[in-house]
Amino acid sequence: MAHQRVLTAQNDDFPQWYQDVVAKAELADNGPVRGTMVIRPYGYAIWERIQSEIDQRIKVAGARNAYFPLFIPQSYLAREAQHVEGFSPELAVVTYAGGEELREPVVVRPTSETVIGEFMAKWIQSYRDLPLLLNQWANVVRWELRPRLFLRSSEFLWQEGHTAHASAHDAAAYARRIHLEVYRDFLVNVLGVPVLEGIKSPRERFAGAINSLTCEGMMRDGKALQMSTSHELGDNFARAFDIRFQDESGESVWCHTTSWGASTRLVGGLIMAHGDDDGLVLPPRLAPVQVVVVAVRDEAPVVEACERIASSLREVGLRVEVDRGRASLGRRITEWELKGVPVRVEVGPRDLADGVVTVARRDGGRDTVAPDQLAAQLPAVLETIQSELLERATERRDATTVETSSLDEAVEAAQSGFARLPWSLVGEDGERRLNEQAVSVRCLQRPDATTPESADETDLVCVVARAY
RNA sequence: CGGGCUGUAGCGCAGUUUGGUUAGCGCGCUGCGUUCGGGACGCAGAGGUCCCCGGUUCAAAUCCGGGCAGCCCGACCA
C-alpha cells in the first residue's frame with residue numbers, strides 16, 4: 001500500500017502519535033475546563049460499541065441497570081476510612097449552590113460505592129433479597145493534574161457494578177465471574193487485546209477493597225494499561241452503611257459487597273494496543289463501521305453500485321457506510337485508514353467495466369472480488385481480521401514479556417514490556433523500590449498465569465511494567 | 001508544590017535579540033475553473049483585542065513592571 005504519512009510515527013514520539021490519532025481520527029477534543037474531554041461522534045460511536053458489548057455481558061451475569069445521583073453528601077465518603085483517604089485528593093466538591101453556601105458540601109461522585117451502599121441498606125432485609133446485582137452507566141469526576149484524552153481525564157464515562165451477597169464466598173465468586181466472563185471475555189474476544197489477568201498487590205488495591213482483580217493490557221510502546229477492575233469489598237462498606245440481612249436462622253449479618261468498572265479509558269487502550277503509523281486499527285467485532293464502500297467517482301452508476309453493495313452487506317448483518325464524498329480519492333482513503341475501518345470496498349468505473357470491485361484490508365492486502373460474492377465472503381474476512389489482530393497482539397505481548405529472577409532484571413525488562421518474577425522476591429519493600437524507578441506491580445498471578453483467589457496463595461508470580 | 005518553556009488567524013508556527021509603513025508563512029476554510037484508481041493544481045478571497053493591565057516612546061507583537069493562562073519534567077489515580 002502506497003500512502004501518505006499523516007501522523008507522527010510511533011517510533012519517533014509515541015505520545016505525539018497518540019494525540020495525532022485522537023485529533024485526526026476525530027475521536028475527541030479537549031474541553032474548555034482543563035482535564036475535561038469532548039468526545040466527538042466517531043469516538044462516541046466506538047464507546048457505544050464498547051458499552052453495548054459490555055452491557056450485554058453484564059446482563060448475562062444477572063446484574064440490572066439503575067441510576068444513582070451525581071451528587072453525594074460529603075459525609076458519605078467519610079464513613080469508610082480508606083475509601084475517603086484514597087479519594088480525597090481528587091474530589092470535586094460543591095460548596096455553593098442555589099445562591100448560597102451549602103450547609104453540607106456535596107461531592108461530585110468519584111465512584112458510587114457510598115450512595116449505592118446507602119440504598120442497598122434500605123432495600124436489603126432478608127437473605128431472600130440477595131444477591132442484589134446492580135450496575136450503572138454514568139460519568140464520574142476525579143480531578144486530574146495531568147490529563148490525557150481518554151486515558152486520564154477529570155471527568156470520564158464508565159460502568160460501575162455494585163453487588164451485595166450473603167457471604168464472602170459468594171461475593172468473591174461473583175467478582176471473579178465479572179472479571180472473567182465480562183471483562184476478560186470482552187477484552188480478548190471483542191477488543192482483541194490479550195490481557196494479563198490477576199489480582200492487585202495490597203498497595204495497588206482499590207481504596208476500601210479487600211481484593212482487586214484486574215485485566216492489564218500491553219500497549220504498543222511497551223507500557224501497561226489497566227483495562228478493568230473488579231473488587232471484593234468484604235464487609236467494609238456493609239459495616240459503614242449498615243447493609244445487613246436476616247439469614248435463614250433469623251440472625252442479622254453483614255452483607256459482602258463487590259464493585260467493578262471499566263471506563264472510556266478503554267478507548268485509549270484500544271488506540272494504543274492496535275494502532276499503527278497510519279492511524280487507528282479497529283477490531284471488526286468492535287468497529288462502528290466494519291466496511292466502508294468507497295465510490296471512486298461521484299457518478300450515478302458508481303454510486304448506485306455502491307448502494308447496492310452496501311445493502312447486500314447490511315442484509316448479512318454488517319455495519320456498512322457508503323462514502324461518495326467530494327474530496328479526492330486519496331484523501332478519503334487516508335481518512336478511513338485513520339479511522340481504522342477494517343475493510344474498504346472500492347468501486348470505480350474501471351471496476352464496474354471489469355465486473356469486479358476492489359477489497360482492501362486495513363491490516364494490509366487487497367484483492368478484486370465479484371460484487372455479488374461480497375456478502376458471502378466479507379463476514380469471514382472480518383473474522384479472519386479479528387483473529388489475526390488478536391494473534392499479532394499476542395505475539396507482541398509474548399515477545400515483550402520476560403521471566404526474571406531479580407528486581408534489577410525486572411526493572412530492566414520493564415523498560416520495554418512486562419517482567420514476571422516471584423512475588424516472594426518483591427514484597428512491600430521491593431514494590432517501593434520498583435515504584436521509585438517508575439515501574440509498578442501490575443498484578444499477581446498464579447504460575448500458570450490465571451487469577452489467584454487472594455494474595456495469600458503461595459508461589460504467586462508478580463507482573464511488573466511501566467504503566468499509564 | 002519544585003525545575004524548564006510558551007502565549008501572534010480554526011490548527012501549527014515565524015517575526016521579538018536591534019521598537020519603525022498595511023503583522024507574515026504552512027495547513028485548514030470560502031468561491032470559480034481544471035483535475036480525479038492513494039492526502040491534486042491554478043486563480044481569487046475570508047479570517048487577527050499579537051494573553052491581560054499599566055509604563056516608556058513621535059511610534060510597542062517587539063523594551064520595562066505587574067498579572068493571568070497553558071505546556072513539559074519530578075510524588076498519586078480507571
Side-chain angles (χ1 to χ4, degrees), chain A residues 1-8 13 15-16 19-20 23-24 26 29-30 32-35 37 50 83 85-91 109-112 138-148 150-160 183 200 203-207 209 212 214-217 224-231 259-269 278-279 294-299 302 324-338 344-354 356-358 360 366 368 432 435-438 440 442 467-468:
Chain A
M1 283 200 293
H3 43 236
Q4 294 296 313
R5 171 63 49 81
V6 73
L7 303 170
T8 303
D13 185 347
Q16 187 59 49
Q19 289 189 326
D20 287 357
K24 299 235 173 183
E26 300 179 340
D29 253 328
N30 284 305
V33 172
R34 179 180 156 74
M37 161 168 71
I50 292 173
H83 192 63
E85 191 189 331
F87 280 108
S88 46
E90 37 189 0
L91 290 182
R109 66 177 162 225
T111 178
S112 304
N139 58 339
V140 285
V141 168
R142 300 180 186 178
W143 215 254
E144 280 299 341
L145 302 176
R146 217 180 281 180
R148 292 189 68 187
F150 292 114
L151 296 174
R152 206 192 286 124
S153 50
S154 288
E155 179 192 3
F156 57 90
L157 307 183
W158 75 347
Q159 145 283 310
E160 51 177 322
Y183 297 135
K200 284 296 183 186
R203 186 190 174 97
E204 297 276 341
R205 229 176 247 159
F206 176 74
S212 290
T214 179
C215 288
E216 300 283 327
L225 180 74
Q226 177 175 306
M227 301 190 81
S228 73
T229 46
S230 314
H231 312 290
S259 69
W260 25 279
S263 73
T264 38
R265 165 176 274 194
L266 289 177
V267 178
D278 296 320
V294 176
V296 169
R297 300 281 195 99
D298 190 6
E299 293 168 358
V302 173
R324 55 175 298 185
R326 302 138 310 276
S328 72
L329 180 67
R331 162 78 59 146
R332 289 182 288 142
I333 287 175
T334 305
E335 290 287 340
W336 292 115
E337 273 171 355
L338 277 168
R344 199 171 65 238
V345 176
E346 296 170 8
V347 183
R350 221 151 68 202
D351 294 308
L352 290 185
D354 297 345
V356 295
V357 295
T358 304
R366 56 202 305 167
T368 51
R432 199 174 50 249
N435 290 353
E436 281 163 8
Q437 302 186 67
S440 55
R442 304 317 304 159
Y468 279 95

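Just so we're clear, the structure is a prediction, and the values are computed from it rather than from any experiment. Quick note on labels: first sequence line is chain A, next is B, and so on, each numbered from 1.
- Using a 4.0 Å cut-off between charged nitrogen and carboxylate oxygen, A:Lys24 and A:Glu337 do not count as a salt-bridge pair.
- You'll find a donor-acceptor pair under 3.5 Å spanning the side chain of A:Arg344 and the base of B:G38, going by distance alone.
- No engagement by A:Arg332 is indicated, since no non-hydrogen atom pair under 4.0 Å with the nucleic acid exists.
- Between A:Pro349 and A:Met227, it is A:Pro349 whose nearest contact on RNA chain B lies nearer the 5' terminus.
- With its ring centre under 5.5 Å from that of the base six-membered ring and a plane angle below 30°, A:Phe156 counts as stacked on B:A78.
- On a pure distance criterion of 3.5 Å, no polar donor-acceptor pair joins the side chain of A:Arg366 and the base of B:G37.
- Counting non-hydrogen atoms under 4.0 angstrom, A:Asp351 reaches a base of the nucleic acid.
- Residue contacts for A:Gly348: at a heavy-atom cut-off of 4.0 Å it reaches a base atom on one of the strands shown.
- A:Asp351 and A:Thr358 are linked by a side-chain donor-acceptor pair at a separation below 3.5 angstrom, with hydrogens and angles left out of the test.
- Across all strands shown, A:Leu225 has no heavy atoms under 4.0 Å from either base or sugar-phosphate atoms.
- If you measure from atom OH of A:Tyr183 to atom P of B:A78, you get 13 Å, rounded to the nearest angstrom.
- One atom, CZ of A:Arg109, and another, C1' of B:A78, lie 15 Å apart when rounded to the nearest Å.
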